[in-house]
Amino acid sequence: MEENTRGCGDTGCTEECCSGCEHACSDQQPESLIEPTNEYNNIKKVIGVVSGKGGVGKSLVTSLLAVTMQRKGYQAAILDADITGPSIPKAFKLKEKAVANELGIFPVKTKTGIGTMSVNSILENDTDPVVWRGPVIAGTVKQFWTDVLWGDVDYMFIDMPPGTGDVPLTVFQSIPVDGIVIVTSPQELVSMIVSKAVKMAQLMNIPIIGLVENMSYFTCPDNGKDYQVFGDSHIEEVAKEHGLEVLGRLPIDPKLAAACDKGMIELFEGDWLEELAKKLETM
Ligand SMILES: Nc1ncnc2c1ncn2[C@@H]1O[C@H](COP(=O)(O)OP(=O)(O)OP(=O)(O)O)[C@@H](O)[C@H]1O
Ligand SMILES: [Mg+2]
């Protein structure tokens, strides 16, 4: 069969007719599933915080990043996409529930003015478990993007659930994420875990801003020396392998655990994420 310039078997096919054409043209773009945010919102940059594994410190890094950017004078926001294990209200000691009107849902503001939305801000009791099917969970994350009155936001950080499952897929498909930060810890598994996150980002066409190694070392308060509790870190090799940069290293620090678990994250002291913050400013 003779083919036209668009690679379609229909020799009468023109660019104009392609939308209704019964032949599948080889150069047709897949349909975008990106959802528009609320018309009252002006969100400049959206950054996803991901890892291939649970418990490595995504929520801690998300919170510290939002606090860092807010301290620099930007308007930061956090969308807590971890529906079954939300951590953000606890890290910021947010007890208040979200309220809504006919235009949308208002984010819950932290003491320093960071806008947040989390499933715990809409559940009656913090301890109520979310026992929902995947599509309902994914729908909730989408609504946090479409129905929340975020207003003007310079940097929105999305705290992802662990892994590369349903919710990260929904976030990458329906929210215009400008880049992701991959959080890792220095155990042996790191190479495989980072590879999974990198491959997912590539598959979804999302730029990777860089890597953050959490629990990287421990500084002994008695002698001031740094100890690599989990053995030598392989983060530099892993980063090189994927052509990525390591933009931050966080120590194991009981003060960080307390800040995160006791709702005092806005009081943290430390400049571990400065390099990453500078990178975000140049985006
Ligand atoms: N650098 C650190 N020093 C001390 N404690 C830490 C550090 N990083 C994280 N933690 C503690 O480890 C726990 C897990 O951290 P966090 O909730 O940020 O991980 P996560 O990757 O978001 O977990 P999940 O996959 O369950 O969402 C928290 O209780 C936190 O306080
Ligand atoms: Mg978390």
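Keep in mind that the numbers below use all heavy atoms, side chains included, and drop hydrogens, waters and symmetry copies. Just so you know, ligand 1 is whichever comes first in the structure, and atom 1 is the first atom listed for that ligand. Quick caveat, the model's predicted, so the values are computed rather than measured.
Given atom 8 (N) of ligand 1, the protein heavy atom at minimum distance is N214 ND2, 2.8 Å. Scanning the protein for heavy atoms near atom 5 (N) of ligand 1, the closest one is A257 CB, 3.4 Å. Regarding atom 17 (O) of ligand 1, its nearest protein heavy-atom neighbour is S59 CB, 3.9 Å. Protein heavy atom closest to atom 3 (N) of ligand 1, with residue, atom name and distance, is D253 N, 3.0 Å. From the protein, the heavy atom lying nearest to atom 24 (P) of ligand 1 is G55 N, 3.5 Å. The protein heavy-atom contact nearest to atom 12 (O) of ligand 1 is M215 CE, 4.2 Å. In this structure, the protein non-hydrogen atom closest to atom 28 (C) of ligand 1 is D261 OD1, 3.8 Å. Counting protein heavy atoms only, atom 16 (P) of ligand 1 is closest to G57 CA, 3.7 Å.
Proximity of a side-chain donor or acceptor of K58 to a complementary backbone N or O of S51 within less than 3.5 Å is not detected. The closest donor-acceptor contact from the side chain of W150 to the backbone of Y40 lies at 3.5 Å or more, if one exists at all. No donor-acceptor distance shorter than 3.5 angstrom exists from the side chain of N214 to the backbone of T184, with no hydrogens or angles considered. In this structure, the side chain of D154 does not engage the main chain of A76 through any donor-acceptor pair within 3.5 Å. Within the 3.5 Å criterion, the main-chain N or O of L247 finds no donor-acceptor partner in the side chain of E213. With K93 contributing its side chain and I265 its backbone, the two residues share no donor-acceptor pair below 3.5 Å. For the pair D80 (side chain) and M117 (backbone), a donor-acceptor distance under 3.5 Å is absent.
An N or O contact shorter than 3.5 Å is missing between P254 and ligand 1 by distance. Where the criterion is an N or O separation shorter than 3.5 Å, residue side chain and backbone included, S87 fails it with respect to ligand 1. Checking only distances, G54 never comes within under 3.5 Å of ligand 1, N or O to N or O. Annotation: D159 places no N or O atom under 3.5 Å from an N or O atom of ligand 1; distance criterion only. Geometrically, ligand 1 and K53 share no nitrogen or oxygen pair separated by less than 3.5 Å. Below 3.5 Å of separation, one finds no N or O of G85 facing any N or O of ligand 1. Checked by distance only, ligand 1 and L256 stay at 3.5 Å or farther apart across all their nitrogen or oxygen atoms.
Counting heavy atoms under 4.0 Å from ligand 1, residue V61 does not touch it at all. Looking at L60 against ligand 1, both its backbone and its side chain come within 4.0 Å, counting heavy atoms. Residue-level proximity to ligand 1 for P251 is carried by the backbone, the only part with a heavy atom below 4.0 angstrom.
Atoms of ligand 1 found under 4.0 Å from any heavy atom of P162 (numbered from 1 in listed order, with element): 25 (O). Proximity to D82 (heavy-atom distance under 4.0 Å) selects the following atoms of ligand 1: 27 (O). Annotation for ligand 1: atoms under 4.0 Å from non-hydrogen atoms of C260 are 31 (O).
Of the inter-residue distances, the one linking L65 atom CG with L280 atom CG reads 6.0 Å to the nearest 0.5 angstrom. F268 contributes atom CZ, which lies 11.5 Å from atom SG of C260 (distance to the nearest 0.5 angstrom).
Summarising the local packing, NZ of K111 is surrounded by more than 12 heavy atoms from other residues, nucleotides or ligands at distances under 6.0 Å. Other residues, nucleotides and ligands contribute at most 12 non-hydrogen atoms within 6.0 Å of the NZ atom of K196.
Look at S59 and the Mg ion (ligand 2): an N/O/S atom of the residue is under 2.8 Å from the metal.
Of the listed residues (K90, E213, K58), the one carrying the non-hydrogen atom nearest atom 21 (O) of ligand 1 is K58.
Defined by atom type and a distance below 3.5 Å, a donor-acceptor pair is present between the side-chain atoms of E266 and T112.
Residues Y74 and Y155 bring their aromatic ring centres within 6.0 Å.
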(message) One pair to check against side-chain contact (heavy atoms from CB on, under 4.5 Å): T110 and I78. What are the steps and the verdict?
(response) CA-CA 10 Å; T110 71; I78 304 177; over 6 Å; no

